[in-house]
Amino acid sequence: SPNLEEPLRIPFLVDIGFEASSDKTINFDTLSVKYLKLISIDLTGRIKPYLNNNKLMVKDVKVPQGKHRLQLFIAYTSGEKTMMEIVLVVEK
């Protein structure tokens with residue numbers, strides 16, 4: 001959540017669940033979140049307090065109107081890494 005197929009209206013909820021493969025364990029200390037612009041902005045410190053029980057949940061998100069690209073990185077305790085890029089399109 002949210003549904004990325006439709007434009008978002010502020011405020012909105014971000015609810016991302018992390019699931020490991022059957023024999024793997026996620027190392028949540030490796031979570032990294034970047035806002036992608038001409039110069040990337042590291043949002044990890046602002047986002048980590050919202051990480052709890054394999055979920056990243058942020059309520060009442062308010063961002064300016066427009067298109068926002070975020071990149072999330074996380075790794076297993078074995079060292080394998082994964083990355084996901086999401087695009088939020090926000091309307092007034």
Side-chain angles (χ1 to χ4, degrees):
S1 179
N3 178 3
L4 301 177
E5 301 296 318
E6 299 176 10
L8 304 171
R9 298 198 190 293
I10 55 173
F12 57 90
L13 168 74
V14 172
D15 184 6
I16 300 172
F18 297 93
E19 293 182 22
S21 298
S22 60
D23 61 339
K24 308 271 184 191
T25 303
I26 297 171
N27 180 356
F28 287 100
D29 291 336
T30 64
L31 177 67
S32 171
V33 181
K34 292 183 181 178
Y35 181 73
L36 302 177
K37 294 183 76 166
L38 182 59
I39 297 174
S40 295
I41 300 169
D42 187 355
L43 300 177
T44 306
R46 297 181 206 173
I47 296 293
K48 273 204 174 176
Y50 299 98
L51 181 63
N52 194 7
N53 296 328
N54 297 352
K55 283 189 134 195
L56 179 63
M57 183 179 291
V58 186
K59 298 178 182 177
D60 298 323
V61 176
K62 297 174 184 143
V63 296
Q65 181 179 354
K67 186 186 267 188
H68 305 279
R69 289 180 44 223
L70 299 172
Q71 200 171 58
L72 288 82
F73 292 90
I74 200 156
Y76 290 117
T77 54
S78 61
E80 297 166 87
K81 300 175 186 176
T82 189
M83 184 271 298
M84 178 174 83
E85 188 173 311
I86 59 174
V87 177
L88 306 173
V89 178
V90 179
E91 291 183 344
K92 258 190 166 177

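- Taking the side chain as every heavy atom from C-beta outward, Tyr76 and Ile26 approach each other to under 4.5 Å.
- Listed by first then second residue, pairs satisfying side chain to side chain donor-acceptor pair (under 3.5 Å) with a partner in residues 3-19 read Arg9-Glu91, Asp15-Lys55, not counting sequence neighbours.
- Annotation for Lys48 and Asp29: closest pair NZ-O, 2.9 Å, computed over non-hydrogen atoms.
- Phe12 places a side-chain heavy atom less than 4.5 Å from the side chain of Leu88.
- Shown here are the side chain to side chain donor-acceptor pair (under 3.5 Å) partners of Lys24, two or more places apart in sequence or in another chain: Glu80.
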Could you list the donor-acceptor pairs under 3.5 angstrom formed between side-chain atoms of residues 61-74 and any protein atom two or more places apart in sequence or on another chain?
unit_1, atom_1, unit_2, atom_2, d
His68, ND1, Tyr35, OH, 2.7
His68, NE2, Pro64, O, 2.7
Arg69, NE, Glu85, OE2, 3.0
Arg69, NH2, Glu85, OE2, 3.3

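- One distance of note links CD1 of Ile41 with CG of Leu43; it measures 6.5 Å at 0.5 Å rounding.
- The two residues Pro2 and Leu8 come nearest to each other via the heavy atoms CB-CD2, 3.5 Å.
- If you take CG on Asn54 and CG on Leu56, they are separated by 11.5 Å, rounding to the nearest 0.5 Å.
- Around NZ of Lys81, the count of heavy atoms belonging to other residues, nucleotides or ligands within 6.0 Å does not exceed 12.
- Met84 is connected to Leu31 through a chain of hydrophobic side-chain contacts under 4.5 Å among Ile, Leu, Val, Met, Phe, Trp and Tyr, so both are in one cluster.
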Run Met57 and Asn52 through side-chain contact (heavy atoms from CB on, under 4.5 Å) and show every step you take. CA-CA 8 Å; Met57 183 179 291; Asn52 194 7; over 6 Å; no

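- Note on Ile10: it clusters hydrophobically with Val14, by side-chain heavy-atom contacts below 4.5 Å among ILVMFWY residues.
- Checking side-chain atoms of Thr30 against main-chain N and O of Ala75 turns up a donor-acceptor pair under 3.5 Å.
- Here the rule is side chain to side chain contact (heavy atoms under 4.5 Å, CB included) with Val33, and of Ile47, Ile16, Leu51 only Ile47 fits it.
- Val58 and Leu4 fall within a single hydrophobic cluster, where Ile, Leu, Val, Met, Phe, Trp and Tyr side chains are chained together by heavy-atom contacts under 4.5 Å.
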